[in-house]
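Here is the structure we will look at, set down as structure tokens.
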Amino acid sequence: MISLLQRARAVLLPARPALTSDICATAGLPARSARSGASATAATAVATLLCLVLSACGGGSSGGSTSTSTGTTPAGTTPAGNTPAPVVSISATPTATTVGQVVTLTWSVSNPAGTTCTASDAWSGTVATSGTQTVTAGAAGTARYALTCSGVTSSTSVTISTPPPAPTVSMTLAPASITTAQTSVLSWSSANASSCTASGAWIGTKAASGSVTVSSAVAGNITYSLRCTGDGGEADASVSLGVTAPLSNSVPITVDNGPAGASGVINVPYVNVTICTPGTSTCQTIDHVLLDTGSYGLRVLASALDGSIALPAVQAAGGASAGECGKFISGYTWGSVRQADVRMADEVASGISVQVIGDTDANFATTPSSCSSAGNNLGSLGAIGAKGILGVGLFKHDCGQACAQAPISGTYYACTAGSCTASAMALATQVTNPVASFAVNNNGVLLSLPTVGPNGLTSVSGTLVFGVNTQSNNMIANETLYRANSSGNFSTTYKNKTYNASFIDSGSNGYFFNDSDIRTCSGGDFFCPAATLALSALNTAADNSASGVVNFNIVNLVQLPSTIRAAQVGGTLSGSASSGTAFNWGLPFFYGRRVFVVMDGAAVGGNAGSQGPLWAY
């Protein structure tokens, strides 16, 4: 038996398939051809049933949505007649991102009623009915991208979050330039990073921050790079280490007969110094300059300078030519202050102030009484047994801040036509320890001399090395560090008496201290014991951080052969201003030792106790 639906299908098959709207319309209209009453009734029932079935299936409705978009058709906008309504689809890739990232929108329209659509909400403008467009994700939140075509609107949403912070990384080298004999400290730090990887002159995974000691046996520019990665991306940094071959930083020390014109010298250490007109190659090497760890700055006899060496005058505070009185335990030096380049080995101190002793310029013809009252005039080769004095002691300036602030009688003078008055002197123009002005090896010196026994030697050869702990040839090894006070002194205890103003002075030609039990030579201050004396004293750092016993000998000076130039001799300080407070460790102390002079403020280690002024031996 054929069902009512099957019969209706049989009736309808010969004709053009009708749309839902046609069938529904037919259900309420008279038959187009005469049918029997029963047939008409059946057809009407089938048509009604089909209308209900197809409507229930949703066939022919408009405004449908996909998984990536939603759409709406406003009331009253359903197309009339047989025209289908537009279907708008829009999607976004990705559907979740961070601020500032790119989002790709893709859209299409089925059954478009026009040629363009309108974008709104998180984007805007007129677009074609299909296409692709990239947009930039805006502020954090949910961004809605809507598209309206012929009154039909569809949209898609993207979740936008705040991006994680970008990582940062920084690197430093201290120092950034070294020689192949030196080291540098490479430090780095990073933020917002989970891992760091090194490349270049170092490799491997590194911590987020840290430091390492680096060096290079090869000269050149050595690059260290670091890349740090985090959720916010990656960051790169690099630093370059300049490496050069080691400087020649040493010159010979000789203890000998001295320059022509000197006589009877003993225990006088000499070095050669090259002096140049500033900024030129017009230079002169001066031999037999006394090496003095007890003073600061270069002083050269005017008689030792060639006429070709023109050294510019330095002005005092008031603009007049500057003169200086250099005071020593044994006397004074008077002369002008002039500017020179000072060279020793590969080291250069450019444009520093030096004293020209006995300058013949008319401005310095008369020695001020406040200078000459200091004792013996050391302004000649015969008086000092040398052509000059190279002061490489603990300090940079020979007077310092006190002279920069106000005139101090007996130090610096403003001189015009032989008339000189005390004057203040700026630090930059004071006579300066040349070592402090060297480019690299500028924190002190090392004096190394061989052992001299009780019989003495006719000559001695040693080495003056510039810098302390800066190259392989000036490293402190087993020596003890003795901190000095602001005057460069420490304490010496000898025969139960403590001398708080003790010092080490290569410019003194013996041990000088007070001991009334030791016989002095006739007509002099040197000791002349009947036999060699074996003595000892205790040296203590100014801050009590170190102490040690020094064993030393005193021989009879007059019993030595006249050819002896290096010997373990000593003398008394009786009559000097420092006789009750000082123990002077002169050149004999240096024999058989490495003695380091670390300048004020210079660091040679990792703790405060290794900062100058200090001695090490």
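Quick note: numbers below take in every heavy atom, side chains included, and nothing from hydrogens, waters or symmetry partners. Here the structure is a predicted model, which means the values were calculated and not measured.
- In this structure, the side chain of S423 does not engage the main chain of A316 through any donor-acceptor pair within 3.5 Å.
- Between N433 and G393, the closest heavy-atom pair is ND2-O, 3.2 Å.
- One distance of note links NZ of K327 with SG of C371; it measures 6.5 Å at 0.5 Å rounding.
- Using a 4.5 Å cut-off on side-chain heavy atoms (C-beta onward), L587 and P269 make contact.
- Looking at D292, its side chain never comes within 3.5 Å of a backbone N or O of L390 through a donor-acceptor pair.
- Relative to the ring axis of Y591, R593 does not place its NZ or CZ within 45° and under 6.0 Å from the centre.
- What you find for V356 and R338 is that their closest heavy atoms are CG2-CD, 3.9 Å.
- Side-chain contact check for V255 versus Y270: every heavy-atom pair is 4.5 Å or farther apart.
- The heavy-atom pair separating A537 from T492 by the smallest distance is CB-CG2, 3.8 Å.
- Here CZ of R594 is found 9.5 Å from CE of M475. Values are rounded to the nearest 0.5 Å.
- Interatomic distance, T366 OG1 to Y413 OH, rounded to the nearest 0.5 Å: 12.5 Å.
- Taking the side chain as every heavy atom from C-beta outward, L298 and V273 approach each other to under 4.5 Å.
- Here the side chains of I564 and L457 are not in contact, with every heavy-atom distance at 4.5 Å or above.
- For the pair F589/V550, a side-chain contact is recorded, criterion being any heavy-atom separation below 4.5 Å from C-beta on.
- One distance of note links CZ of R343 with SG of C276; it measures 4.0 Å at 0.5 Å rounding.
- Using bins of under 30°, 30° to 60° and over 60° for the plane-to-plane angle, the ring pair Y482/Y617 lands in the parallel bin.
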**Asked** Can you check side-chain contact (heavy atoms from CB on, under 4.5 Å) on W334 and N377, steps first, answer last?
**Response** CA-CA 8 Å; W334 167 252; N377 183 0; 5.8 Å; no
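- Side-chain contact between R519 and P529 is absent, with no heavy atoms from C-beta onward closer than 4.5 Å.
- Counted by atom type alone, T274 and T285 present one or more donor-acceptor pairs between their side chains at under 3.5 Å.
- Looking at Q284, its side chain does come within 3.5 Å of a backbone N or O of D306 through a donor-acceptor pair.
- Interatomic distance, I266 CD1 to N257 CG, rounded to the nearest 0.5 Å: 11.0 Å.
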- Message: Using side-chain contact (heavy atoms from CB on, under 4.5 Å), reason through V431 and Y412 one step at a time and then give a plain yes or no.
- Response: CA-CA 10 Å; V431 172; Y412 284 100; 3.7 Å; yes
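- Counting only N and O atoms by type, the side chains of D525 and T572 include no donor and acceptor under 3.5 Å apart.
- Salt-bridge formation is detected for the pair K387/D287: a Lys NZ or Arg NE/NH1/NH2 atom is positioned less than 4.0 Å from an Asp or Glu carboxylate oxygen.
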Given H288 and D256, is the side-chain hydrogen bond (donor to acceptor under 3.5 Å, both in side chains) satisfied, shown in steps?
-> CA-CA 9 Å; H288 286 94; D256 59 16; 3.3 Å; yes
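- Note: F438 and F466 meet the aromatic proximity criterion, with ring centroids under 6.0 Å apart.
- With hydrogens and angles disregarded, no donor-acceptor distance shorter than 3.5 Å links the side chain of N249 to the backbone of V465.
- Residues F513 and F527 bring their aromatic ring centres within 6.0 Å.
- T493 and T498 share a donor-acceptor pair across their side chains, judged by distance under 3.5 Å alone.
- Of the possible donor and acceptor atoms, one in the side chain of D359 sits under 3.5 Å from a partner among the backbone N and O of D361.
- Distance check, rounded to the nearest 0.5 Å: CG of N267 to OH of Y511 gives 9.0 Å.
- Using modelled atom types, one side-chain atom of R565 and one backbone atom of S562 make a donor-acceptor pair closer than 3.5 Å.
- T429 and Q315 share no donor-acceptor pair across their side chains, judged by distance under 3.5 Å alone.
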- Which is it for L291 and I253 under the side-chain contact (heavy atoms from CB on, under 4.5 Å) test, yes or no, and what are the steps along the way? CA-CA 8 Å; L291 177 62; I253 302 172; 3.7 Å; yes
Walk me through it: do N489 and S487 pass the test side-chain hydrogen bond (donor to acceptor under 3.5 Å, both in side chains)?
CA-CA 6 Å; N489 300 327; S487 297; 4.6 Å; no
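- For E347 (side chain) and A345 (main-chain N/O), no donor-acceptor pair under 3.5 Å exists by modelled atom type.
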Exercise for review: In sequence, state the C-alpha distance, the side-chain angles, and the governing distance for K495 and D515, and then conclude on salt bridge (Lys or Arg N to Asp or Glu O under 4.0 Å).
Suggested key: CA-CA 9 Å; K495 290 189 175 180; D515 188 339; 2.8 Å; yes
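- A donor-acceptor pair shorter than 3.5 Å cannot be found between the side chains of T463 and S250.
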Review point. Could you go step by step and tell me if Q355 and T333 meet the side-chain hydrogen bond (donor to acceptor under 3.5 Å, both in side chains) rule?
Key: CA-CA 9 Å; Q355 184 188 33; T333 59; 3.0 Å; yes
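- Counting heavy atoms from C-beta on, the side chains of L241 and V214 come closer than 4.5 Å.
- Using a 4.5 Å heavy-atom threshold, the side chains of S502 and N584 count as separate.
- Taking both residues in full, the closest heavy atoms of A340 and V354 are given as CB-CG2, 4.3 Å, listed atom of the first, atom of the second, then distance.
- What you find for T180 and A245 is that their closest heavy atoms are OG1-CA, 4.2 Å.
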Derivation of the side-chain contact (heavy atoms from CB on, under 4.5 Å) call for I286 and L305: CA-CA 8 Å; I286 302 175; L305 288 172; 3.8 Å; yes
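- Taking each heavy atom of S184 and I178 in turn, the nearest pair found is CB-CG2, 4.0 Å.
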Check your understanding: Is there a side-chain hydrogen bond (donor to acceptor under 3.5 Å, both in side chains) between T367 and S372 once you walk through the steps?
Key -> CA-CA 7 Å; T367 303; S372 59; over 6 Å; no
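- Side chain of N500 to main chain of T581: no donor-acceptor pair is present (N/O by atom type, distance under 3.5 Å, no hydrogens or angles).
- Counting only distance, with no hydrogens or angles, the side chain of N474 and the backbone of T470 share a donor-acceptor pair below 3.5 Å.
- The six-membered or imidazole ring of W585 lies near that of F552, with a centre-to-centre distance under 6.0 Å.
- In this structure a side-chain-to-backbone donor-acceptor pair under 3.5 Å is present from D341 to G351.
- Using bins of under 30°, 30° to 60° and over 60° for the plane-to-plane angle, the ring pair F490/W615 lands in the perpendicular bin.
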